[in-house]
Amino acid sequence: MNGSDRGLSRRAFVRSAVAIGGASALSACLQREEPEDVPQAALAPDELPDRQHAWNEFLATDDHGNVVPPEHHLLLGLEYVGDGPAEIERERERLETALRTLERAYKRGNEGLAFTIGYGPNYFDRFDTDLPDGVDLPEPEALAPIEDPQLDEYDALVHLASDYGHVTLSAEEALKGDLDELNGLEIEGSLAGIFDVAERRTGFIGRGLPADNQAGVSGIPDGEPVPEDAPLFMGFKSGFRKTQASEDRVTIDEGPFAGGTTIHLSKIQLHLHQWYEQDSRDQRVAKMFSPTHAEDGLVEGAGHNLGDSSRVAEVGGSAADDARNEGTVGHAQKAARAREDGAPIILRRDFDSTDDDRAALHFLSLQRSIEDFVTTRRAMTGSDLTEGSVNSRTNNGILQYISVRNRANYLVPPRDRRALPAPNPA
């Protein structure tokens, strides 16, 4: 961080600090934010829910009951550096102590910290025992003919989220063993000697944050076209309450990992030059929601007026009919086909990114089974809708404007099994 950073808004500066990481970025971030305002935990670790992913009751909501996600996010891809199952037994308590330190240091939620740790197929492959029946954790794979992603092979993934950038950075430094104190508490335990941080990915979500961070970013045209009220780079709100699965729906409900869930993580590069420079406002609305949304003028600004639903179900009109008759099909109306008894089957906790100065989306979803994500992705791909003006990319929702660069799958155990779990614990 240097003198050139003084012209940045506070939010853009904090985003930049989180992306850079390390002690100097943390120090600079602390000078811009107000660390004394971050509360310590209101609940002892043993009073927290069994589910790591039980965030919603602790997060803010808007006037329509939609969950407001934390603004700053940090993903740590971890590689196990120990000697295997025998040593894992000895290291388990130290890792659990480190995670409990985070839980004691910060109140759970936007104004403090929310986090999870999950484990990939590579982690479990070192054991002689298979995962139990009912736990769906396949190796990641390409999910559409138009993509050729890198398949991540990290042993574990930590997801840290807070409205304060310095909280995510402090939690990271504490986990790495590089801090002695965290929000006034002595640090116990760390990842050191258990995991190395092989990759860090950062991002943000929230009204105005994409607009604050769009200048000079590859994938976004000059002229700062991202609207001020947009929570994401593509200019529209997502995560409506009625388009999200409940935490109950995405929770594994039986076996030794009951109370856990799975994560699918995609890194998606955005290509928004045509989106903002050639497509009209109505075309963007039609491709993001549905042609009816555009024709009837249902979306004001970023779509905050829609309330707690994208209104795809209410407006009617099938994706197949719109593809055939309108020559366009909307992203939201395609995804809405992947429902069970009318309810969504994945819970999105995705966020934008400018890592490497490229506009991207880290698409992080929770689901009971990775197959639920695959089902949703197939609906979004819309291979059954390609006729006339709709092909595998063009006029097929937002597929023309995104490229999947990475895919990964993780098992998120319940809290009592989150520290270096055995694949089939007793």
Side-chain angles (χ1 to χ4, degrees), residues 136 138 140-149 232 234 236-246 249-250 261-268 270 284-294 299 303 306 309-350 361-404 406-409:
D136 178 31
E141 60 180 351
L143 295 176
I146 60 175
E147 67 179 46
D148 183 24
L232 292 164
M234 295 199 76
F236 295 107
K237 177 177 171 53
S238 68
F240 297 98
R241 181 171 62 85
K242 291 182 179 179
T243 64
Q244 292 274 59
S246 68
R249 175 59 183 83
V250 303
T261 189
T262 66
I263 281 176
H264 177 82
L265 177 63
S266 304
K267 181 178 180 181
I268 299 174
L270 303 177
R284 293 197 295 272
V285 170
K287 291 175 183 180
M288 182 59 73
F289 294 98
S290 80
T292 302
H293 282 70
V299 182
L306 295 174
S309 168
S310 66
R311 298 180 62 182
V312 166
E314 293 94 319
V315 302
S318 75
D321 287 345
D322 281 346
R324 181 172 52 254
N325 299 326
E326 303 294 335
T328 299
V329 62
H331 168 75
Q333 69 180 148
K334 287 189 298 173
R337 299 181 301 163
R339 295 195 170 200
E340 184 178 88
D341 299 326
I345 56 178
I346 70 169
L347 172 58
R348 293 177 53 175
R349 287 185 173 153
D350 49 302
L361 176 77
H362 294 308
F363 188 100
L364 189 153
S365 69
L366 306 180
Q367 51 281 311
R368 183 175 298 160
S369 159
I370 294 297
E371 185 58 32
D372 288 337
F373 172 79
V374 174
T375 297
T376 304
R377 171 64 206 204
R378 285 174 179 156
M380 194 193 99
T381 299
S383 298
D384 57 319
L385 304 173
T386 53
E387 59 177 294
S389 299
V390 178
N391 62 34
S392 60
R393 285 192 181 274
T394 305
N395 299 321
N396 192 339
I398 60 173
L399 294 180
Q400 183 177 354
Y401 312 95
I402 65 175
S403 298
V404 179
N406 298 74
R407 287 199 182 280
N409 297 326

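The figures that follow rest on heavy atoms only: side chains count, while hydrogens, waters and symmetry mates do not.
Closest approach of Thr386 to Ser392, counting heavy atoms only: CG2-N, 3.7 Å. Closest of all the heavy-atom pairs between Gly327 and Ser389 is O-CB, 3.6 Å. Scanning all heavy atoms of the two residues, the minimum distance from Leu399 to Thr381 falls at CD1-O, 3.5 Å. Listed here is the closest heavy atom pair of Ser365 and Ile346: CB-CD1, 4.1 Å. Met288 approaches Phe236 most closely through the heavy-atom pair CG-CD1, 3.8 Å. Here the closest heavy-atom approach between residue Pro291 and residue Gln333 is recorded as CD-OE1, 3.3 Å.
Proximity of a side-chain donor or acceptor of Arg407 to a complementary backbone N or O of Pro140 within less than 3.5 Å is not detected. Checking side-chain atoms of Arg348 against main-chain N and O of Ser238 turns up no donor-acceptor pair under 3.5 Å. Listed for the Glu147 side chain is a donor-acceptor partner under 3.5 Å among the backbone atoms of Leu143. At distances below 3.5 Å, at least one donor-acceptor pair connects side-chain atoms of Asn409 with backbone N or O atoms of Pro138. Under a 3.5 Å cut-off, the side chain of Arg378 and the backbone N or O of Thr375 do not form any donor-acceptor pair. The backbone N or O of Asn395 sits nowhere less than 3.5 Å from a side-chain atom of Thr328 that would complete a donor-acceptor pair.
Residues Asn391 and Asn396 have side chains not in contact (no heavy-atom distance under 4.5 Å, counting atoms from C-beta outward). Annotation: side chain of Arg249 is in contact with side chain of Ile345 (closest heavy-atom distance under 4.5 Å). A heavy-atom distance below 4.5 Å is not found between the side chains of Lys237 and Leu306. Residues Arg377 and Val404 meet the side-chain proximity criterion, which asks for heavy atoms closer than 4.5 Å. With a 4.5 Å cut-off on side-chain heavy atoms, Val315 and Phe289 do not count as touching. The shortest side-chain heavy-atom distance between Lys287 and His331 does not fall under the 4.5 Å cut-off. Put simply, the side chain of Gln244 does not reach to within 4.5 Å of the side chain of Pro344, judged on heavy atoms.
For the atom pair Leu385 CG and Asp322 CG, the distance stands at 10.0 Å (nearest 0.5 Å). Between the CD1 atom of Ile268 and the CG atom of Leu361 there is a distance of 5.0 Å, given to the nearest 0.5 Å. Arg339 contributes atom CZ, which lies 7.0 Å from atom OG1 of Thr243 (distance to the nearest 0.5 angstrom). To the nearest 0.5 Å, atoms CG (Asp350) and NZ (Lys267) are separated by 15.0 Å. Here Ile263 contributes atom CD1 and Arg349 contributes atom CZ; the two are 9.0 Å apart, rounded to the nearest 0.5 Å. Distance CD/Gln367 to CG/Asp136: 9.0 Å, rounded to 0.5 Å.
Ring-plane geometry between His264 and Phe373 is classed as parallel, the angle between the planes falling under 30 degrees on a 0 to 90 degree scale with a further cut at 60.
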